[in-house]
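Shown next, in structure tokens, is the structure this report addresses.
Reminder, nothing fancy here: chain letters follow the sequence lines and each chain counts from 1. The structure displayed is predicted, hence computed values, not measured ones.
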Protein chains: 2
Amino acid sequence: MDNQMFDIDKEQKLAINDAMELLSGKWKFCILHNLYIYENMLFKDLQEKAVKISPKVLSKELQELERNLLITRTVNDTKPITVSYTLTDYAKNIQPVIRSLIEFGLVHRRKIKEK
Amino acid sequence: MDNQMFDIDKEQKLAINDAMELLSGKWKFCILHNLYIYENMLFKDLQEKAVKISPKVLSKELQELERNLLITRTVNDTKPITVSYTLTDYAKNIQPVIRSLIEFGLVHRRKIKEK
DNA sequence: CAGTATCCAAAGGGATACTG
DNA sequence: CAGTATCCCTTTGGATACTG
């Protein structure tokens, strides 16, 4: 078995790494899932309902998601201004990941509780 | 809209958190994917072919995966001893996550390269 | 070979105060 | 309200040497 054969598909490795890098951070899945369900959320909503984290961290997570084209940031002309976040169309590509992650998580919770 | 209605299903939140905790660490997906493909790998193989990381980190990742019932560790009666790792049956529950992650990663690589 | 031990640098992330 | 700035602690992970 030579090295060439042994290495798994390089593309797949890179794909995993890319996806992992994108989804790194403790709260991205949770944010995406909340946006999937509620469609439109204000910064404050995300902070209070979705994830209980400091504004600094939430801000960073949101910026990364936006940079990766998964969410859209919209400034509302209110007083004081508010900012809405929604999923992009492109974000539907990531739904299978989240869905399967939740499914596994549910199974795993039961499994671990058995012990 | 009261809080009760607003909060997404608590179970789902917990599921996400559980799954995320389990899969935290830079190399778990890669390890699982390699084991899925090659079925049986030695510590050394994992280190050289799957992930290029220090033995300390690899060891830690493997222990966490084993503790979470996803892989099996088998000591081989060789000289010097070798240790084989394989996926458990239970690990098939996590395949959809990995598969969808790879699929998304492949799409995302192309998407990002466009920019 | 399969780890463990040690050391260390960098990243992650929480709390709080502050600004436009 | 929606962030940014600052401070600081914890975790993560890499390199290397060492042991059974």
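- Note on B:Glu66 versus B:Arg73: no salt bridge recorded, every NZ/NE/NH1/NH2 to OD/OE distance being 4.0 Å or above.
- Nearest to the side-chain atoms of B:Pro55 among the listed nucleotides C:dA17, D:dA2, D:dA17 stands D:dA17.
- Proximity of B:Gln63 to the phosphate of C:dT4: a side-chain N or O atom is located under 4.0 Å from OP1 or OP2.
- In this structure, CD of A:Glu61 is placed 9 Å from P of C:dG12, rounded to the nearest angstrom.
- Among all heavy-atom pairs drawn from B:Asn34 and B:Met41, the shortest one is CB-SD, 3.8 Å.
- Of the candidate nucleotides D:dG14, D:dA2, D:dT6, D:dG14 has the atom nearest to the side chain of B:Lys26.
- B:Ile98 CD1 to B:Tyr36 OH: the interatomic distance, rounded to the nearest 0.5 Å, is 9.0 Å.
- Nearest to the side chain of A:Val57, among D:dG14, D:dC1, C:dG14, sits C:dG14.
- The nearest whole Å value for the distance from the NZ atom in A:Lys56 to the C1' atom in C:dG14 is 7 Å.
- Protein atom CG of B:Leu58 is 13 Å distant from nucleotide atom C1' of C:dT4, rounded to whole Å.
- Contact check, B:Tyr85 against C:dG3: a side-chain N or O comes under 4.0 Å of OP1 or OP2.
- The residue A:Ser54 sits close to a base: some heavy atom pair falls under 4.0 Å.
- Here the P atom of nucleotide D:dG20 and the CG atom of B:Asp77 are 20 Å apart, to the nearest Å.
- Distance check: B:Leu42 CG to B:Lys49 NZ gives 12.0 Å after rounding to the nearest 0.5 Å.
- D:dA17 is paired with C:dT4 under the criterion used here, namely a Watson-Crick or G-U wobble arrangement in which both key atom distances are under 3.5 Å.
- Under the Watson-Crick or G-U wobble criterion, with both distances below 3.5 Å, C:dG12 is paired with D:dC9.
- The interatomic distance linking B:Lys60 (NZ) with D:dA15 (P) rounds to 15 Å, in whole Å.
- Here B:Leu70 contributes atom CG and B:Tyr90 contributes atom OH; the two are 6.5 Å apart, rounded to the nearest 0.5 Å.
- The side chain of B:Ser59 lies closest to C:dG3 when the candidates are C:dA2, C:dG3, D:dA2.
- B:Phe43 places its CZ atom 15 Å from the C1' atom of D:dG20, with the value rounded to the nearest Å.
- The phosphate of D:dA2 has neither OP1 nor OP2 within less than 4.0 Å of any side-chain N or O from A:Arg73.
- Both B:Gln47 and A:Pro80 lie close to DNA chain C; mapped to their nearest nucleotides by heavy-atom distance, the more 5′-ward contact belongs to B:Gln47.
- Among the nucleotides C:dG13, C:dA2, D:dG13, the one closest to the side chain of B:Leu42 is C:dA2.
- The interatomic distance linking A:Lys44 (NZ) with D:dG3 (C1') rounds to 15 Å, in whole Å.
- Between the CE atom of B:Met41 and the P atom of C:dA2 there is a distance of 11 Å, rounded to whole Å.
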